[in-house]
Amino acid sequence: MFNSLTGIITGKFPKQVFIDTNGVEWDLCVPDSNLDMLPPVGNEAKVFTWLQHTDQLMALYGFASAEERSVFLDLLKVDGVGPKGAVKIMSAVSSARLMDVLEKGDLEMLEKIPGVGKKTAGKMMLTLKGKLKISEENSSVIRLSSASPYSDVVTSLASMGYDKRLVEQKVAQLIEVLTNEPDFAGKSQKEREDILFRRVIVELA
């Protein structure tokens, strides 16, 4: 029924996005990993959607790309995983990381993902191994160039155990916001790195 919505983001919260399309404000449930891929509040964005319609409720789910939505739909194929469960899984781990864990057959790691557990991990491995495909070229993720003066921030956070892909996304997004703030621009490189480092940790917490 709905393939996507294009409008201005008016609110971003954990697992939730508000987007205004010509005066109609939509409330979408969005995985936290996808939330990080979308532009800041006040910017235009295209959000791919999936509608859950039952006798009891109607809920609209949003995703940063058609591929991320496909991962969500693949998760729904796993017995016992519903829309809320799929969002919880995608909020805890990036699609690329999930694919990597499945391809390696790493059941122990899969079981540690919030919302999975031992029983569901086995079902996910059986249903999805070898079937999740993420195209880096077509991804709508905001990425940080390896030549960025803030690449050391990414390296430091990745060494602390944070998902490097998510860190790159968050750093790139924060740079877009912070560079427009005079207080940040007037700092030394080391001070800017420290500010960015702390902000990313807060955002990923």
Side-chain angles (χ1 to χ4, degrees), residues 1-5 9 11-19 26-38 45-142 161-170 173 203-205:
M1 184 176 182
F2 299 104
N3 180 59
S4 67
L5 293 172
I9 293 179
K12 291 177 71 173
F13 311 93
K15 299 182 180 65
Q16 185 181 41
V17 161
F18 294 159
I19 183 169
W26 302 82
D27 180 354
L28 296 88
C29 180
V30 177
D32 288 339
S33 59
N34 279 232
L35 191 68
D36 291 336
M37 299 176 190
L38 296 172
K46 181 175 183 178
V47 182
F48 290 83
T49 58
W50 181 80
L51 177 67
Q52 180 186 24
H53 188 191
T54 70
D55 293 338
Q56 289 76 36
L57 63 86
M58 287 183 66
L60 197 59
Y61 292 78
F63 307 90
S65 70
E67 288 184 323
E68 289 293 321
R69 180 176 58 187
S70 293
V71 172
F72 170 82
L73 295 175
D74 283 336
L75 285 170
L76 295 186
K77 297 175 184 176
V78 179
D79 184 32
V81 176
K84 292 292 185 182
V87 166
K88 186 174 183 179
I89 292 170
M90 293 181 70
S91 293
V93 62
S94 69
S95 296
R97 176 59 174 157
L98 178 61
M99 181 178 68
D100 183 59
V101 170
L102 287 167
E103 290 305 301
K104 291 178 178 177
D106 193 344
L107 266 175
E108 184 178 352
M109 178 59 71
L110 198 59
E111 291 170 9
K112 293 179 180 179
I113 298 174
V116 179
K118 187 172 184 178
K119 187 176 181 180
T120 302
K123 293 179 180 178
M124 287 176 65
M125 194 67 69
L126 182 65
T127 306
L128 301 178
K129 184 177 182 181
K131 297 179 181 178
L132 289 183
K133 302 297 180 184
I134 306 295
S135 170
E136 295 294 339
E137 292 182 1
N138 297 326
S139 174
S140 62
V141 176
I142 299 174
Y162 289 98
D163 187 298
K164 185 177 180 180
R165 187 167 177 260
L166 287 178
V167 170
E168 288 177 337
Q169 295 165 17
K170 182 55 62 179
Q173 290 169 357
E203 292 283 339
L204 294 177

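Considering CZ of Arg69 and OG of Ser4, their distance stands at 7.5 Å, rounded to 0.5 Å. Taken from OG1 in Thr120 to CD1 in Ile113, the straight-line distance is 11.0 Å, to the nearest 0.5 Å. Distance check: Ser95 OG to Met37 CE gives 6.0 Å after rounding to the nearest 0.5 Å. One finds the NZ atom of Lys112 at 13.5 Å from the NZ atom of Lys118 (value rounded to the nearest 0.5 Å). To the nearest 0.5 Å, atoms NZ (Lys129) and CD (Glu103) are separated by 7.0 Å. With values rounded to the nearest 0.5 angstrom, Leu102 atom CG is found 5.5 Å from Met124 atom CE.
Nearest approach of Ala92 to Pro114, heavy atoms of both residues: CB-CD, 3.5 Å. Val93 and Leu98 get closest at one heavy-atom pair: CG2-N, 3.9 Å.
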Apply side-chain contact (heavy atoms from CB on, under 4.5 Å) to Val116 and Glu111, showing your working. CA-CA 6 Å; Val116 179; Glu111 291 170 9; 5.5 Å; no
Candidate pair Ile19 and Leu28, rule side-chain contact (heavy atoms from CB on, under 4.5 Å), full reasoning: CA-CA 8 Å; Ile19 183 169; Leu28 296 88; 3.4 Å; yes
If you apply the rule side-chain contact (heavy atoms from CB on, under 4.5 Å), what do you find for Lys15 with Leu35, and how did you get there? CA-CA 7 Å; Lys15 299 182 180 65; Leu35 191 68; over 6 Å; no
Audit row: Ile9, Phe18, side-chain contact (heavy atoms from CB on, under 4.5 Å) steps and yes/no: CA-CA 6 Å; Ile9 293 179; Phe18 294 159; over 6 Å; no
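Screening residues 75-122 for ring-ring contact (aromatic ring centres under 6.0 Å, His included) gives no qualifying pairs among residues at least two apart or on separate chains. Listed by first and then second residue, the ring-ring contact (aromatic ring centres under 6.0 Å, His included) pairs that reach into residues 69-117 are Trp50-Phe72, Tyr61-Phe72, Phe63-Phe72, sequence neighbours excluded. Applying the ring-ring contact (aromatic ring centres under 6.0 Å, His included) test to pairs two or more places apart or on separate chains, none has a residue in residues 76-104. Counting only residues at least two apart or on different chains, no ring-ring contact (aromatic ring centres under 6.0 Å, His included) pair has a member in residues 76-113.
Gln16 is linked by a side-chain hydrogen bond (donor to acceptor under 3.5 Å, both in side chains) to Asp27, counting only residues two or more places apart in sequence or in another chain.
Within the 4.5 Å cutoff, no side-chain heavy atoms of Leu5 are placed close to those of Lys46.
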May I have the list of side-chain donor-acceptor pairs in residues 75-91 shorter than 3.5 Å, sequence neighbours left out?
| unit_1 | atom_1 | unit_2 | atom_2 | d |
| --- | --- | --- | --- | --- |
| Lys77 | NZ | Asp74 | OD1 | 3.1 |
| Asp79 | OD2 | Lys123 | NZ | 3.2 |
| Ser91 | OG | Asp32 | N | 2.9 |
| Ser91 | OG | Val87 | O | 2.8 |

